[in-house]
Amino acid sequence: MDDTQHSISSLLAAAAARAVPVVRGVDERQLGGATPCSGYSVRELLDHFFDVVVNFTKLGRKKPSAFAEKPDYLGTSDWRERFADEVDRLVSAWGAPGAEEGTTGAMHQPARTVGCMALLDLTVHAWDLARATGQEFVPDPAGVATLAAVIDGLAPAARDAGMFDEPVRTAADASAFETLLAATGRDPQWS
């Protein structure tokens with residue numbers, strides 16, 4: 001198997017190809033609706049999603065992130081296209097030579113681990129928005145497989161930091177993606 005098939009950049013590109021259409025499909029009238037992401041309306045989740053993409057781009061470039069800031073990314077009418085542009089920057093940053101090497105971020109996490117966090121957010125928040133706005137969403141199978149291999153290591157710290165809710169119980173025949181969603185505290189059957 002060619003290692004480039006599973007680079008963070010290629011996984012992010014595949015996830016982006018699924019996430020960007022979901023964001024483009026959000027109708028302005030849906031911004032006040034609830035989402036499966038605990039405590040976020042559609043609008044709040046979109047702002048958070050933008051912020052995640054912008055900050056993980058910085059981390060891919062080994063620059064400091066600023067997750068504590070809460071800018072308003074939806075303040076202009078072209079926010080859907082700006083989101084697509086930011087996602088392109090994210091994929092590009094993680095595709096640069098050395099992006100997956102060493103550490104990145106204030107906690108000095110392995111860069112590949114941080115890249116997997118970006119992939120998790122890009123995949124799961126796209127699902128959140130699709131569910132909240134009545135859109136179809138099918139995740140990239142390679143991305144799900146990569147995340148399934150690391151979620152048990154990421155989840156405890158994410159729960160401690162308040163980023164994940166407690167895991168949700170799933171059916172015995174749950175798909176890998178449903179199991180992944182449940183590990184983040186989301187109900188895969190949310191509607």
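S175 OG to L181 CG: the interatomic distance, rounded to the nearest 0.5 Å, is 7.5 Å. L129 contributes atom CG, which lies 6.5 Å from atom CZ of F49 (distance to the nearest 0.5 angstrom). Rounding to the nearest 0.5 Å places CD of E44 at 10.5 Å from CG of L31. Atoms CG and OG1, from L59 and T104 in turn, are 4.5 Å apart once rounded to the nearest 0.5 Å. Taken from CD1 in I8 to SG in C116, the straight-line distance is 4.0 Å, to the nearest 0.5 Å. With values rounded to the nearest 0.5 angstrom, D51 atom CG is found 11.5 Å from L45 atom CG.
Put simply, the side chain of K62 gets close to the backbone of G98: a donor and an acceptor are under 3.5 Å apart. Not one N or O on the side chain of D47 forms a donor-acceptor pair closer than 3.5 Å with the backbone of D72. Checking side-chain atoms of W127 against main-chain N and O of P36 turns up no donor-acceptor pair under 3.5 Å.
Put simply, the side chain of C37 reaches to within 4.5 Å of the side chain of R186, judged on heavy atoms.
Contact record, A132 with V42: CB-CG2, 3.8 Å, taken as the closest heavy-atom pair. Here the closest non-hydrogen pair linking T123 and F177 is CG2-CE1, 3.7 Å. Closest non-hydrogen pair, G32 versus S41, comes out as O-CB, 4.1 Å. Here the shortest heavy-atom pairing between L12 and A118 reads CD2-C, 4.0 Å. When all heavy atoms are compared, the tightest approach of R18 to P139 is NE-C, 3.4 Å. For the residue pair V22 and A130, the shortest heavy atom distance occurs at CG1-N, 3.6 Å.
Sorted by first and then second residue, the salt bridge (charged side-chain N to carboxylate O under 4.0 Å, His left out) pairs with a member in residues 32-41 form an empty list; sequence neighbours excluded. Listed by first then second residue, pairs satisfying salt bridge (charged side-chain N to carboxylate O under 4.0 Å, His left out) with a partner in residues 166-179 number zero, not counting sequence neighbours. Pairs engaging residues 78-91 under the side-chain hydrogen bond (donor to acceptor under 3.5 Å, both in side chains) rule: R24-E81, E28-W79, E28-R80, T76-D78, T76-R82, D78-R82 [sequence neighbours left out].
The side chain to side chain contact (heavy atoms under 4.5 Å, CB included) test applied to T179 returns T170, A174, not counting sequence neighbours. Every residue meeting the salt bridge (charged side-chain N to carboxylate O under 4.0 Å, His left out) condition with R29, not counting sequence neighbours, appears here in chain and number order: D27. Listed by chain and residue number, nothing satisfies the salt bridge (charged side-chain N to carboxylate O under 4.0 Å, His left out) test with R131 (two or more places apart in sequence, or in another chain). Legend: residues meeting side chain to side chain contact (heavy atoms under 4.5 Å, CB included) with A93, ordered by chain and number and at least two apart, are T57, R61. Every residue two or more places apart in sequence or in another chain that forms a ring-ring contact (aromatic ring centres under 6.0 Å, His included) with F50 is listed here: Y73, F83. The side chain to side chain donor-acceptor pair (under 3.5 Å) check on D140 picks up nothing, with sequence neighbours excluded. Every residue meeting the ring-ring contact (aromatic ring centres under 6.0 Å, His included) condition with Y40, not counting sequence neighbours, appears here in chain and number order: H48.
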Exercise answer: donor-acceptor pairs, residues 143-160 side-chain atoms, under 3.5 Å, sequence neighbours excluded:
from: T146; atom 1: OG1; to: A142; atom 2: O; distance (Å): 3.0
from: R159; atom 1: NE; to: D165; atom 2: O; distance (Å): 3.3
from: R159; atom 1: NH2; to: A183; atom 2: O; distance (Å): 2.8

Exercise answer: donor-acceptor pairs, residues 105-113 side-chain atoms, under 3.5 Å, sequence neighbours excluded:
from: R112; atom 1: NH1; to: H6; atom 2: O; distance (Å): 3.3
from: R112; atom 1: NH1; to: E100; atom 2: OE1; distance (Å): 2.6
from: R112; atom 1: NH2; to: H6; atom 2: O; distance (Å): 3.1

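Linking Ile, Leu, Val, Met, Phe, Trp and Tyr residues whenever their side-chain heavy atoms come within less than 4.5 Å leaves F137 and V168 in two separate clusters.
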Applying side-chain contact (heavy atoms from CB on, under 4.5 Å) to V26 and Q135, what does each step give before you reach the verdict?
CA-CA 9 Å; V26 175; Q135 299 181 63; 4.0 Å; yes

